[in-house]
Amino acid sequence: MQQYGSLPHFASLFSKLTHFTLISPTIVESKEMVFKVSKVSTTPIDGQKPGTSGLRKKVKVFIQPHYLQNFVQSTFNALTPEKVRGATLVVSGDGRYFSKDAIQIIIKMSAANGVRRVWVGQNGLLSTPAVSAVIRERVGVDGSKANGAFILTASHNPGGPHEDFGIKYNMENGGPAPEAITDKIFENTKTITEYLIAEDLPNIDISTIGVANFLGPEGQFDVEVFDSAGDYVKLMKSIFDFELIRKLLSSSKFTFCYDALHGVAGAYAHRIFVEELGAQESSLLNCVPKEDFGGGHPDPNLTYAKELVARMGLGKSDSAVDPPEFGAAADGDADRNMILGKRFFVTPSDSVAIIAANAVDAIPYFSSGLKGVARSMPTSAALDVVAKNLNLKFFEVPTGWKFFGNLMDAGLCSICGEESFGTGSDHIREKDGIWAVLAWLSILAFKNKENLNGDKLVTVEDIVRQHWAIYGRHYYTRYDYENVDAGAAKDLMACLVKLQSSLDEINSIVKGARSDVSNVVNADEFEYKDPVDGSVSKHQGIRFLFEDGSRLVFRLSGTGSEGATIRLYIEQYEKDSSKTGRDSQGALAPLVEVALKLSKMLEFTGRSAPTVIT
């Protein structure tokens with residue numbers, strides 16, 4: 001086994017890598033030898049079925065003997081040999097607790113399974129969108145391109161020894177593995193008898209940029225630790241007009257605040273917002289990545305991003321300090337975003353619609369036009385109205401970013417989004433929180449480019465209200481009932497499915513609850529046939545569609561680590577511009593009452609109120 005025996009040898013190699021920085025590499029003295037591959041006997045472990053975004057469980061589950069190894073080997077076994085043997089894999093994540101140990105395990109298993117090289121972001125940090133960008137854009141010094149990635153994240157779920165960990169596999173297009181692969185992984189976990197690992201391979205110093213070379217039974221195996229932010233920043237600069245955004249941020253009238261919630265977005269925030277765009281250091285909140293996210297819940301919404309919400313003037317107590325003009329937050333792995341104006345919240349459904357409506361004018365990447373737009377089924381129909389007005393292709397897909405990826409790979413979709421604070425475009429195959437923030441800054445910069453020296457800037461609230469005046473407003477809210485007993489949640493959903501067989505019974509319940517709510521005209525379980533590959537996804541959410549365009553949607557979320565999360569989505573469309581300024585919760589109160597009555601929420605779950613209201 002060999003990892004550079006002398007500093008001159010290491011420095012000589014790096015003198016050829018002009019775009020790399022040599023940072024005090026750790027030298028491992030060892031005799032030249034071939035690392036050995038061990039076959040470790042194991043048995044299947046129940047419950048390793050990947051959800052919409054991979055496998056997520058409590059850390060205490062992942063640290064059980066063989067647990068992570070079984071899943072990783074089952075993934076290798078689900079891939080075709082050419083995607084493993086001789087391949088280049090990315091292994092990194094959001095830096096949550098257990099990530100560093102997991103990275104070392106996956107490196108050793110990659111070596112044993114014949115992988116040629118592994119790329120690791122410095123300190124094991126890569127945001128989920130950055131992983132997608134690295135897969136799609138990065139070229140190694142030897143011309144290598146990544147074939148896929150293990151991403152270590154539980155996204156917006158809490159981190160720490162007693163909290164959540166997760167792992168998912170992304171394909172060579174940079175997007176999450178499709179259902180055909182995740183189903184195969186799950187089947188493999190039920191029959192696995194052994195896994196391969198190079199146990200004598202030394203741990204890699206992932207804090208130090210550099211390349212470690214080893215010899216194995218099948219030849220060379222390399223591990224490269226690289227700058228986590230470089231490839232992603234380069235991609236963002238190719239999409240947006242950074243100079244125009246810089247002018248906005250330098251205006252004395254414009255103030256800005258970005259909260260990474262101690263997630264991996266902090267590894268990019270200083271580089272992009274301060275170094276590239278000239279924002280003040282003080283505009284960054286919680287931008288030091290931490291294994292436990294500072295003890296917080298890294299979910300960018302009005303409930304969990306408390307510090308940002310208060311700073312933006314949306315807290316329960318009034319502040320004497322004038323809030324910034326623009327605020328944004330990210331989740332643990334930086335693929336989600338929340339957009340705020342001064343004392344103003346932008347719903348994710350409105351956000352993607354507004355970005356789509358302004359993209360061609362405000363974002364250079366889209367200057368030649370949009371190929372199409374798409375949203376997840378539970379997301380409000382605000383994007384539908386934009387698509388119809390701009391004569392764009394439009395798609396409604398199940399929850400899960402992989403469905404957008406298929407459309408993008410086929411050249412059918414440019415911009416997409418979901419109500420759960422995910423927004424993105426075809427620059428990568430994941431949702432992208434920092435991209436969404438830069439999109440909004442681009443729109444603000446474009447709207448104000450002739451106005452930076454004027455009396456008043458066009459604000460976030462101005463842009464949203466102008467949008468409502470043109471396209472109408474979709475009043476929208478989501479109720480999350482988290483960690484509900486899984487059996488009770490399934491019973492509730494089964495009851496709703498049974499109820500859908502009789503519209504008369506449904507409307508009797510509706511009118512019994514609220515006589516001022518219109519009739520339900522259609523009730524179904526959403527089913528999607530992919531226009532690209534013809535695959536069919538069933539049981540994707542229970543829908544009640546009302547005569548006036550209102551909707552109720554019920555879904556079980558696949559992103560929790562234990563119990564079940566019931567998500568209830570409530571939407572009402574208002575075209576009359578004189579009625580678009582109402583309080584959202586007030587406007588939706590009648591539909592909320594109907595939804596709770598239809599679902600028997602209290603009866604099934606014992607919950608008199610949701611955990612989170614968005």
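Position 1 is the first residue of the sequence, and the numbers go up from there. Reckoned from all heavy atoms, side chains included, excluding hydrogens, waters and symmetry mates.
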- Item | Closest heavy-atom pair and its distance - Arg343, Pro323 | NH2-CD, 3.3 Å

- Query: Would you find a donor on one side and an acceptor on the other, under 3.5 Å apart, between the side chain of Thr611 and the backbone of Glu482?
  - Reply: yes

- Message: Restricting to non-hydrogen atoms, name the atom on Phe242 and the atom on Met236 that form the minimum distance, rounded to 0.1 Å.
- Response: CE1-O, 3.5 Å

- Message: Test side-chain contact (heavy atoms from CB on, under 4.5 Å) on Arg567 and Tyr479; report intermediate values, then the result.
- Response: CA-CA 6 Å; Arg567 288 191 169 147; Tyr479 281 25; over 6 Å; no

- With Asp333, which residues qualify under salt bridge (Lys or Arg N to Asp or Glu O under 4.0 Å), at least two apart? none

- Query: To the nearest 0.5 Å, what is the distance between NZ (Lys402) and OG (Ser537)?
  - Reply: 8.0 Å

- Is there a side-chain contact between Phe344 and Thr459 (heavy atoms, below 4.5 Å)? no

- From Lys371 atom NZ to Ser414 atom OG, the distance as rounded to the nearest 0.5 Å: 5.0 Å

- Note on the structure: To the nearest 0.5 Å, atom CG of Asp322 lies from atom NZ of Lys342 at 3.5 Å

- Message: As an exercise, state the distance from SG of Cys257 to CG of Leu284, rounded to the nearest 0.5 Å.
- Response: 8.0 Å

- Distance-only donor-acceptor check, side chains Tyr258 and Asn286, under 3.5 Å: no

- Query: Just by modelled atom types, is the Pro129 backbone N or O under 3.5 Å from a matching donor or acceptor in the Ser132 side chain?
  - Reply: no

- Ser535 (side chain) donor-acceptor with Asp530 (main chain) under 3.5 angstrom: no

- Query: Thinking salt bridges, do Lys168 and Glu430 make one under a 4.0 Å N-O criterion?
  - Reply: yes

- Return yes if some donor-acceptor pair links the side-chain N/O of Asn451 with the main-chain N/O of Lys456 below 3.5 Å, else return no. yes

- Could you go step by step and tell me if Asp426 and Phe404 meet the side-chain contact (heavy atoms from CB on, under 4.5 Å) rule? CA-CA 9 Å; Asp426 61 353; Phe404 295 129; over 6 Å; no

- Is there a side-chain contact between Trp440 and Asn337, using heavy atoms and a 4.5 Å cut-off? no

- Tightest non-hydrogen contact, residues Leu261 and Ala305, listed as CD2-CA, 4.1 Å

- Message: Can you confirm whether the side chains of Asp335 and Thr128 place a donor and an acceptor under 3.5 Å from each other?
- Response: no

- Message: Quick test of your reading: applying salt bridge (charged side-chain N to carboxylate O under 4.0 Å, His left out), list the pairs with at least one residue in residues 602-614, sequence neighbours left out, ordered by first then second residue.
- Response: none

- Under 3.5 Å: donor-acceptor pair, side chain of Lys511, backbone of Val517: yes

- Here the pair of heavy atoms bringing Ser578 nearest to Asp576 is OG-OD1, 2.7 Å

- Message: Looking at Asp384 and Arg375, is there a salt bridge between them, counting it only when a charged N and a carboxylate O are closer than 4.0 Å?
- Response: yes

- Where is the tightest heavy-atom contact between Ser425 and Phe366, given as atom of each residue plus distance? CB-CZ, 3.6 Å

- Item | Distance-only side-chain donor-acceptor flag, Ser502 / Asp504, under 3.5 Å | no

- Where does the angle between the aromatic ring planes of Trp435 and Phe240 fall among parallel (under 30°), tilted (30 to 60°) and perpendicular (over 60°)? tilted

- Message: Any carboxylate oxygen within less than 4.0 angstrom of a Lys/Arg side-chain nitrogen, looking at Arg555 and Glu419?
- Response: no

- Query: Tyr471: what forms a ring-ring contact (aromatic ring centres under 6.0 Å, His included) with it, not counting sequence neighbours?
  - Reply: His467

- Counting only N and O atoms by type, is there a donor-acceptor contact under 3.5 Å from the side chain of Arg336 to the main-chain atoms of Ser420? yes

- Item | Donor-acceptor contact present, side-chain Asn358 to main-chain Ala362, <3.5 Å | no

- Task: Locate the shortest heavy-atom distance separating Leu390 from Ala357; write the atom from each residue and the value.
- Result: CD1-CA, 4.2 Å

- Item | Expected output: side-chain Ser550 to main-chain Gln572 donor-acceptor under 3.5 Å | no

- Message: Any heavy-atom pair between the side chains of Ile339 and Val437 that's under 4.5 Å?
- Response: yes

- Neighbour count above 12 (heavy atom, 6.0 Å) for Lys237 NZ: no

- Output yes when a side-chain donor or acceptor of Ser351 lies under 3.5 Å from a complementary backbone atom of Pro348, and no otherwise. no

- Test item: Asn448 side-chain N/O and Val458 main-chain N/O as donor-acceptor pair under 3.5 Å: yes

- Apply ring-ring contact (aromatic ring centres under 6.0 Å, His included) to Phe394 and list each qualifying residue two or more places apart in sequence or on a separate chain. none

- Query: To the nearest 0.5 Å, what is the distance between CZ (Phe254) and CD1 (Ile245)?
  - Reply: 9.5 Å

- Message: Heavy-atom count check: over 12 atoms from other residues, nucleotides or ligands less than 6.0 Å from Lys575 NZ?
- Response: yes

- Report yes if the side chains of Arg56 and Asp164 come closer than 4.5 Å at any heavy-atom pair, otherwise no. no

- Item | Enclosure of Asn453 CG (heavy-atom neighbours >12, cutoff 6.0 Å) | no

- Task: Answer yes or no: is there an ion pair linking Glu571 with Arg473, defined by an N-O contact shorter than 4.0 Å?
- Result: no

- Task: Classify the side-chain pair His156/Asn301 by whether it contains a donor and acceptor separated by less than 3.5 Å.
- Result: no

- Are side-chain N/O atoms of Tyr365 and Asp241 paired as donor and acceptor at under 3.5 Å? no

- Task: Go through the steps for Asn519 and Val510 under the test side-chain contact (heavy atoms from CB on, under 4.5 Å), then give the verdict.
- Result: CA-CA 7 Å; Asn519 283 328; Val510 169; 5.6 Å; no

- Query: Considering residues, nucleotides and ligands other than Gln280, do more than 12 of their heavy atoms fall under 6.0 Å from its CD?
  - Reply: no

- Task: Decide yes or no for Tyr569 and Pro378: does some side-chain heavy atom of the first lie under 4.5 Å from some side-chain heavy atom of the second?
- Result: yes

- Straight-line distance of Ser577 OG to Ile470 CD1, nearest 0.5 Å: 11.0 Å

- Query: When you check the side-chain N and O atoms of Ser155 and Asp331, is any donor under 3.5 Å from an acceptor?
  - Reply: yes

- With the threshold set at 4.0 Å, does a side-chain nitrogen-carboxylate oxygen contact exist between Glu243 and Lys247? no

- Item | Flag if over 12 foreign heavy atoms under 6.0 Å of CG, Asp455 | no

- Hey, mind stepping through Leu588 and Arg582 against side-chain contact (heavy atoms from CB on, under 4.5 Å) and telling me if it holds? CA-CA 10 Å; Leu588 292 169; Arg582 298 173 63 195; over 6 Å; no

- Note on the structure: Across all chains, not counting sequence neighbours, the side-chain contact (heavy atoms from CB on, under 4.5 Å) partners of Ala595 are Leu552, Phe554, Leu568

- Item | Under-4.0 Å salt bridge between Arg543 and Asp524 | yes

- Note on the structure: Applying ring-ring contact (aromatic ring centres under 6.0 Å, His included) to Tyr304 and not counting sequence neighbours gives His297

- Test side-chain hydrogen bond (donor to acceptor under 3.5 Å, both in side chains) on Trp468 and Asp350 and set out the steps. CA-CA 9 Å; Trp468 291 342; Asp350 278 344; 3.2 Å; yes

